[in-house]
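Okay, so here's the structure we're looking at.
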Amino acid sequence: MNYNFNEIEAKWQKYWADNQTFKAKNPGSPPSEGLGEAYYVLDMFPYPSGAGLHVGHPLGYIASDIYARYKRHKGFNVLHPQGYDSFGLPAEQYAIQTGQHPAVTTENNIKRYREQLDKIGFSFDWSREVRTSNPEYYKWTQWIFIQLFESWYDHEQDKSRAISELEEIFASEGNTKVKAACDDDVEDFTAEEWNAFSSEEKQKILLKYRLTYLAETEVNWCPQLGTVLANDEIVNGVSERGGYPVVRKKMTQWSMRISAFAERLLQDLDKIDWTESLKESQRNWIGKSVGAMVEFPILSFPEGEEKAQRGYMTGGNNSHLLLEKARENRNDPTDAERILWKHLRNKNLGYKFRQQHLIYDFIVDFVCLSKRLVLEVDGGIHDLQIEEDENRTAIIESKGFKVLRFKNAEVIGDIDAVLEKIETALSGQPHVSEKVQKAPPSGAGGIRVFTTRPDTIFGVTFMTLAPEHELVKKITTPEQKEEVEAYIAASAKRSERERMADVKSITGVFTGAYAEHPFTKEPVPIWIGDYVLAGYGTGAVMAVPCGDQRDYDFAKHFDLPIINIFENADISEEAFSGKEGTVIANSDFLSGLKYKEALQKAILELEKLGLGYGKTNYRLRDAVFSRQRYWGEPFPIYYNNGLPHPIPEHCLPLELPEVEKYLPTEEGEPPLGRAEKWHWDEKNEKVISQEEFESSPLGGGGGLELNTMPGWAGSSWYLFRYMDPHNEETFVSKEAKQYWENVDLYIGGSEHATGHLLYSRFWTKFLKDRGYLTVKEPFKKLINQGMILGTSAFVYRLEGENVLISKNLVGKNAVQPIHADVSLVNSSDELDIEGFKKWRPEFADSKFLTEEDGKYVVGREVEKMSKSKYNVVNPDDICENYGADTLRMYEMFLGPLEQAKPWNTAGITGVHNFLKKLWKLYHSSPSPSEGGENSFSVSDEPASKDSLKTLHKTIKKVTEDIENFSFNTSVSTFMICVNELSAQNCNQREVLEPLAVLIAPYAPHIAEELWSKLGNSESVVTAVYPVYEEKFLVESTKNYPISFNGKMRFTMELPLDISKEEIEKTVLEDERSKSYLSEATPKKVIVVPGKIVNIVI
RNA sequence: GCCGAAGUGGUGGAAUUGGUAGACACGAUGGAUUCAAAAUCCAUUGCUGAUAAGGCGUGCGGGUUCGAUUCCCGCCUUCGGUACCA
């Protein structure tokens, strides 16, 4: 019998499918004993694209499959599932072009993927397949979303907690003591205030704390395409597709508060077995920097305001104390204040009022910021300070406010009259826009900056704001206005990408304004420059040119002063950025201190002044979670009165509705806006329209969310669903999650380093916090397989002529390289000219200049494997021509798993020949009379010592290699093994049976066939892994390399049990040694027993 | 710029703790078999030299060591990630 791989592979693939050989046992249902130890091997599931698989795709799957099969031999209960990340953009775009439903496209692609995967002989447990686009699956994606919605992050306990617990805290103590992750614009309130809020107000506030929340986000909106574009989809300010204009637009989008988890995501990296480079990517992405927040009060305002506006951090005029005082007052109102507040708060007057609010340096009783109206209620104490109050009123009114003053008695006696007066005053006041009344994020009056080097604060010679910074408009002096506006306009035009690309040019404009240095009180000029990014930190920097190269360049360019505040540092050419060992100089109280001491001291002094505090900043930003797409998970959210609410759990899944077109609506709503019928399970109303929903008790006039979730939603938790994929009660049962825990080995591409792998860690931590999981991390060990590159083939066309010349004739001719399909080239790089002409008819009449031997040789280049480069190699073809076992072993043989490496089909014969030789070991040589057919022939005689040595050497090496994921070297080891056994004419069962098991993880089909021929009725999959025995490898002699001055000259066979001295004596007495020594006496002889002898002359 | 990985024959790669550099393959050359081809088998194959002796050789330049692909210092190049991150 010859090695008929096609037949053998089909046979065993059917056997595995029929017998469910790879089905992993789950705990729970009986018998739950005897499960064995759990081991979870997972591949990153694929997006089923229309192009199908090329030979690069299965690389990681083969590696994980080998490991999974190895673990089964070792007695583990192995979970090795596969599924599809089946929501995504390509299917949607195809739908837009052709009208075909993405579900149909996806289904077809999956079918094709499955066929291709099955041919390679993977040991997947297909009974656990998941697809992210299946309602049974995304039901739980939606459920997790709701859990996020119902949670907040407590920095005190460092975990996510139920939002109901937050409500309890608010009700009993307000929000001032809570250390929660929340939006920046949350205002302080007391328990009393909270309890007095309407439920609508409460919901608005809670939304600022939820782990998934609605926020205004700036996005790149393309009106023509009706969609949001990522930065890299924009080229020169217009869309990459179609070239339509793109505008920055604020949109209300769902966001995920991943930033709350930044520190844990960073710390826990130390606990997982990932490559250092991948961990480093995540560390950089999280971007922790420790430093300080510092406030620089603004000295001059263009309106001629002499005195700086002071923010809450300012301590020079006690505003910090004032603020505390205001809070106190709020908690302890007078009767009159309480009465008035009750009326004001309920918005009876149509405007929002604030209580005990800081206006400049004064606490006012009530203020309506949008109408600039201040209300004061005078208690008894006021009689004594009428004059002071007058001053105060004058100052406040000079800032554009109107002040109304009431007496206690007035309020208590006739509240209606008071309210009437207020109403009249309100109507008389001009309306002030939202923007102006809001305090700028940099603090009410000062410029807040984040710095990692507060120790260099005495080196500050100017400040730079991002052009988008909200303070810019307010502080710019009339003289500078024109220039500043021109600069802002110019930089707004440049896309973020352009700004990033153009690193070298230094641009900026002086605003004309000055800030006050916190310590020296010197004026510091305020500039704007687009090297400062609005999105990082506070969008403003304190510039220390002596210590920061960008500040240095900026200072040099605009001729700004540079102060050297480092001892013994030369800053004549460039900034000095050293930290450790640096001593600060020329810096008042910091002079003479080392970097670390100065850093702490600076923060301490800033805190004393109320102008700063230590702060840790993270680069990691909250993740936008809304997409204006069709083919994604619908949000389980509806709106009532403009506020979002989760759909009741029993109504999940909220199924993706049908639409007529996959484009946005004419009103600019996402494609789901076109849906007429929604599947809706509540109260047996199976299908309802958006209108019907709106008029239902739930809807209350609001509709369902029309955005869908991004691609990473479904992939962030799929690993847990595989543990218990058909559970309808919960996303994974308690028993299953306790038994399987998390993924022991995860294999996939490194392109997911900062996306999927980070989000998945985030969701896992969240689910753990809320008690839904028992593990902190999703993936214990992770390996990135390297990309398999294509080897493109080129023909060369002479410039301007219809002549194609062979590679070696190109010389200095001007030629144009043209991709040739690699299937038209043989292993010697010779082109099939006729085939090429057929393939590219435009070259049918071309003249082909060949080499002397008449061959046309193509040029070769390694490129990414892609259709457009005609270098794609299809695994189906390889399986057809060489077999799946050959494909599997060859992919492993190409090189280290984690390394990128080019594919070259020519090399596959080496592995294929090896499998043929392996087959031959188990078969007798044909005798001429038998017509050349081999027959199965294995002897039960004892094997030779040499054969046993070969076997055990192989067991040892292959096992070590598998444990180290060094699959390429284990393939070599198998080759050496089979070469040796062939030379030994070994055909003993004693050797060949263990060998079949050993190779089964790599070449499972041939192993099964040989295993069954050896007389085993059970599959080889569960056969016990051979045990390495040292005794077969024990040697009595060693072939010593004898070197002179470190150069190996010859070898000598010596017994291993003789002493150093004896070795030295024997070696020196050897004739060859004498000739190398040529009379000289050796200076020194190094003998390392069992290793080497080195003679120094 | 920063972070990470890597530079070894014509090619993919091996040498796992400092100990015979180039395992195992591909390709190439020569041969056997065959009418011929495919397949198979044998031999040679780092460079140089003459098929010898010898010399050179793991990106480059130094160093440590009896001995360095491996450790140290300084460069160069390639690939990947990331970026005016304050």
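Letters A, B, ... mirror the listed sequences (proteins, then strands); counts begin at 1.
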Counting any heavy atom closer than 4.0 Å, what does [X] reach on the DNA or RNA strands: base, sugar-phosphate only, or nothing?
X       : answer
A:K1083 : nothing
A:F914  : nothing
A:D548  : nothing
A:S972  : base
A:R860  : nothing
A:N968  : sugar-phosphate
A:E898  : nothing
A:V1088 : base
A:T464  : nothing

[N] versus [M] - spacing of their [atom1] atoms, nearest Å:
N      : M      : atom1 : answer
B:rU11 : B:rU82 : C1'   : 33 Å
B:rC56 : B:rG49 : P     : 16 Å
B:rA23 : B:rG30 : P     : 22 Å
B:rA21 : B:rU70 : C1'   : 11 Å
B:rC72 : B:rU64 : P     : 16 Å
B:rC76 : B:rA83 : P     : 25 Å

Between [X] ([atom1]) and [N] ([atom2]), how many Å, whole number?
X       : N      : atom1 : atom2 : result
A:I1095 : B:rG67 : CD1   : P     : 14 Å
A:K1047 : B:rA21 : NZ    : C1'   : 10 Å
A:D961  : B:rC24 : CG    : P     : 15 Å
A:E980  : B:rC24 : CD    : P     : 10 Å
A:Q899  : B:rG13 : CD    : C1'   : 8 Å
A:M975  : B:rC24 : CE    : P     : 11 Å
A:M293  : B:rA86 : CE    : P     : 13 Å
A:H557  : B:rC84 : NE2   : C1'   : 15 Å

Please classify the glycosidic conformation of B:rG63 as syn (within 90° of 0) or anti (everything else).
anti

Taking OP1 and OP2 of [N], is either one under 4.0 Å from a side-chain nitrogen or oxygen of [X]?
X       : N      : result
A:K1084 : B:rC66 : yes
A:R550  : B:rG1  : no
A:N1045 : B:rC66 : no

Nearest heavy atom decides the nucleotide; on that basis, is A:V1096 or A:A906 closer to the 5' end of RNA chain B?
A:A906

Residue pair A:S289/A:G1046 against RNA chain B: nearer the 5' end by closest nucleotide is A:G1046

Aromatic contact between A:F462 and A:F558, with the criterion being ring centroids under 6.0 Å apart: yes or no?
no

Check for me whether the distance between the ring centres of A:Y882 and A:F5 falls short of 6.0 Å.
no

Taking atom types as modelled, is there a side-chain donor on [X] or [Y] under 3.5 Å from an acceptor on the other?
X      : Y      : answer
A:N871 : A:S792 : yes
A:T464 : A:Y531 : yes
A:T507 : A:Y487 : yes
A:N617 : A:S289 : no

Which nucleotide wins on minimum distance to the side chain of [X], given the candidates [options]?
X       : options                : value
A:M1048 : B:rG54, B:rA21, B:rC66 : B:rA21
A:K917  : B:rA86, B:rA83, B:rC41 : B:rC41
A:N1094 : B:rC66, B:rA83, B:rG54 : B:rC66
A:T909  : B:rU40, B:rG27, B:rA86 : B:rG27
A:P1041 : B:rC26, B:rU20, B:rA86 : B:rU20
A:V532  : B:rC66, B:rC85, B:rA86 : B:rA86
A:T754  : B:rA86, B:rU82, B:rG4  : B:rU82
A:I976  : B:rU82, B:rA23, B:rU16 : B:rA23
A:P902  : B:rU40, B:rA25, B:rG12 : B:rG12
A:F893  : B:rG19, B:rA25, B:rC3  : B:rA25

With a 3.5 Å limit on both atom pairs, tell me what [N] is paired to, counting Watson-Crick and G-U wobble, or say none.
N      : value
B:rG80 : B:rC3
B:rC85 : none
B:rA37 : none
B:rC60 : B:rG74
B:rG49 : none
B:rU44 : B:rA28
B:rA15 : none

Ignoring hydrogens and angles, answer whether the base of B:rU16 and the side-chain atoms of A:K957 contain a donor-acceptor pair closer than 3.5 Å.
yes

Can you tell if the side chain of A:V524 reaches within under 4.5 Å of the side chain of A:T461, non-hydrogen atoms only?
no

Could you tell me how the ring of A:F296 sits relative to the ring of A:H517: parallel (under 30°), tilted (30 to 60°) or perpendicular (over 60°)?
perpendicular

So does A:R283 pair up with A:D270, basic N to acidic O under 4.0 Å?
yes

